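Not measured: the values here are computed from a predicted model. For reference, positions follow the sequence shown, starting with 1.
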Amino acid sequence: MTAVTSTRVQKAHAPSAQARRRQRAGVLFVLPSVAFVTLFFLVPLVMTVWMSLNNWPLLGSPHFIGLGNYRTLTADSTFWQSLLFTTKYTIVVTPVIFLVAFGLALLVRQKVRGVGLFRTAYFLPVVIGLGVASLLWSWMFNDQVGVFDGILQGLGLIKEPIEWLADPTSALIATVVLVVWKTAGFTMLLLLVGMQAIPEEFYEAAKVDGAGRWPRLRYITLPLLRRTFALALVLSVIGSYLAFDQFYIMTHGGPQNQTITVVYWIYNNSFTYFKMGYGAALSIVLLLILIVISVVQLYLLRGETQY
């Protein structure tokens, strides 16, 4: 190969000035996201891991204890009780949210006049803060001035007011009702977007073949919503395991800590008992549990959606 040919090959493989500018522009566009993730996720995560390895009081100097907080966690009966209750709450509330949201999505999917108004009405509770919604529903479930007991007594279904938030079972039911009212609209929106992404030709071909509504729902809608279901399920389960506001406001973890969630227990240890290191260890364990659950869910709902 001559020198001239070698030079031409090197120039051909060398990036042009325009390509280098594009690369620099790409780095500049990505840099804010990288900085944001590093500053608000990676740095706090590393700090939390370090705190979990220390006896870290709210006031005073921390000292390194290694895995001491994690050994304490394994013998913490309240933590295991809160994890069991949080799992129970998640198992109860998640299917209810999906059933309500799926039904609403099927309703507002119809192309009829005024359907946009119903979509807005169903989604409206989502924009209300969870703390405000919890206070509102605490008032409605109150046995003295709440509207639910008044309605039930007016209908003759009960003789005396029910203390909804004083019993673990009824308190769980009341909280589930609140959360379904508050979050079903968001899941409805996700499912609606997934439904609208399914080509209409599939339904038209099924109608030509004589398929009714149920076969079209079973063999077209549900299979092609697999990815949307996976996304909504992961978000719903993570949100349920991170439940705090509704139990803090409505039940205060009672009666006798029977409605205390994992995040509530983390809050108590960190800001009530001032054991920041132990609270950090609980947070890391919860993070690992959520990662495992999310991976399992995505694995079970894996599959290619082919149009």
Side-chain angles (χ1 to χ4, degrees), residues 26-87 89-90 93-94 129-132 134 179 182-183 186 230-249 251-253 257 259-299:
V27 172
L28 291 176
F29 279 120
V30 173
L31 190 59
S33 297
V34 173
F36 182 86
V37 172
T38 302
L39 182 61
F40 293 101
F41 178 74
L42 295 180
V43 172
L45 178 61
V46 172
M47 292 179 61
T48 303
V49 172
W50 173 246
M51 289 178 63
S52 71
L53 301 176
N54 290 264
N55 182 1
W56 199 297
L58 186 63
L59 300 175
S61 301
H63 63 273
F64 184 79
I65 59 173
L67 299 177
N69 285 321
Y70 294 95
R71 286 192 292 267
T72 302
L73 184 150
T74 58
D76 186 351
S77 60
T78 306
F79 166 72
W80 295 109
Q81 178 183 339
S82 66
L83 181 60
L84 179 62
F85 173 76
T86 306
T87 304
Y89 163 74
T90 303
V93 74
T94 302
L130 186 55
V132 175
S134 299
V179 172
K182 173 73 175 64
T183 62
F186 178 73
L231 172 62
L233 183 62
V234 169
L235 293 177
S236 179
V237 170
I238 290 177
S240 298
Y241 266 92
L242 296 178
F244 172 71
D245 302 58
Q246 57 268 43
F247 292 101
Y248 180 78
I249 295 174
T251 69
H252 306 289
N257 288 338
T259 59
I260 192 169
T261 61
V262 177
V263 177
Y264 202 147
W265 187 233
I266 293 173
Y267 169 83
N268 280 344
N269 279 279
S270 299
F271 303 108
T272 302
Y273 309 139
F274 302 141
K275 297 189 292 185
M276 304 291 291
Y278 186 57
L282 292 171
S283 301
I284 295 299
V285 171
L286 178 59
L287 173 63
L288 295 176
I289 291 173
L290 291 177
I291 291 175
V292 171
I293 292 175
S294 299
V295 170
V296 171
Q297 290 179 103
L298 293 176
Y299 176 78

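Using a distance-only test at 3.5 Å, with no hydrogens or angles considered, no donor-acceptor pair links the side chain of Ser270 to the main chain of Met276. A distance-only check finds no donor-acceptor pair linking the side chain of Asn69 to the backbone of Asn55 [under 3.5 Å]. Between the side chain of Trp80 and the backbone N or O of Thr74, at least one donor-acceptor pair lies under 3.5 Å.
Atom-to-atom distance recorded for Ile260:CD1 and Trp265:CH2 is 6.0 Å, nearest 0.5 angstrom. Expressed to the nearest 0.5 Å, how far OG of Ser82 lies from OH of Tyr89 amounts to 14.5 Å. The CD1 atom of Ile293 lies 12.0 Å from the CG atom of Leu298; values are rounded to the nearest 0.5 Å. With rounding to the nearest 0.5 Å, the separation of OG1 in Thr94 from CG in Leu235 is 11.0 Å. Atom OG in Ser61 sits 11.0 Å away from atom CG in Asn54 (nearest 0.5 Å). Distance check, rounded to the nearest 0.5 Å: OG1 of Thr259 to CD of Gln81 gives 9.5 Å.
Side-chain contact check for Thr261 versus Leu242: every heavy-atom pair is 4.5 Å or farther apart. Using a 4.5 Å heavy-atom threshold, the side chains of Phe79 and Ile266 count as separate. A 4.5 Å side-chain heavy-atom check between Thr183 and Val93 finds every atom pair outside the cut-off. Between Asn268 and Thr78, the closest side-chain pair of non-hydrogen atoms is not below 4.5 Å. Ile65 is not listed as a side-chain neighbour of Leu53, based on a closest heavy-atom distance of 4.5 Å or more. The side-chain heavy atoms of Val285 and Ile289, taken from C-beta on, include a pair separated by under 4.5 Å. At a threshold of 4.5 Å between non-hydrogen side-chain atoms, the residues Trp50 and Val46 do not count as touching.
Taking the six-membered ring for Trp and the full ring otherwise, Tyr273 and Tyr278 have centroids separated by 6.0 Å or more.
Relative ring orientation between Phe40 and Phe36 is described as tilted, the plane-to-plane angle lying within the 30° to 60° band.
For Ser294 against Val234, the heavy-atom pair with the smallest separation is OG-CG1, 4.0 Å. Between Val262 and Thr86, the shortest heavy-atom distance links the atoms N-OG1, 3.1 Å. The two residues Met51 and Ala280 make their nearest non-hydrogen contact at CB-CB, 3.9 Å. Residues Val263 and Ala243 approach most closely at CB-O, 3.8 Å, considering heavy atoms. Here the closest heavy-atom approach between residue Gln297 and residue Leu233 is recorded as OE1-CG, 3.0 Å. Ala281 approaches Leu73 most closely through the heavy-atom pair O-CD1, 4.1 Å.
More than 12 heavy atoms of other residues, nucleotides or ligands lie within 6.0 Å of OH in Tyr70, so this atom counts as buried by the packing criterion. For Phe186, the CZ atom sits in a loose shell: 12 or fewer heavy atoms of surrounding residues, nucleotides or ligands are nearer than 6.0 Å.
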Inset, instruction - List the steps, then state whether ring pair (Phe, Tyr, Trp, His ring centres under 6.0 Å) holds for Phe85 with Phe247. - result: CA-CA 12 Å; Phe85 173 76; Phe247 292 101; 5.4 Å; yes
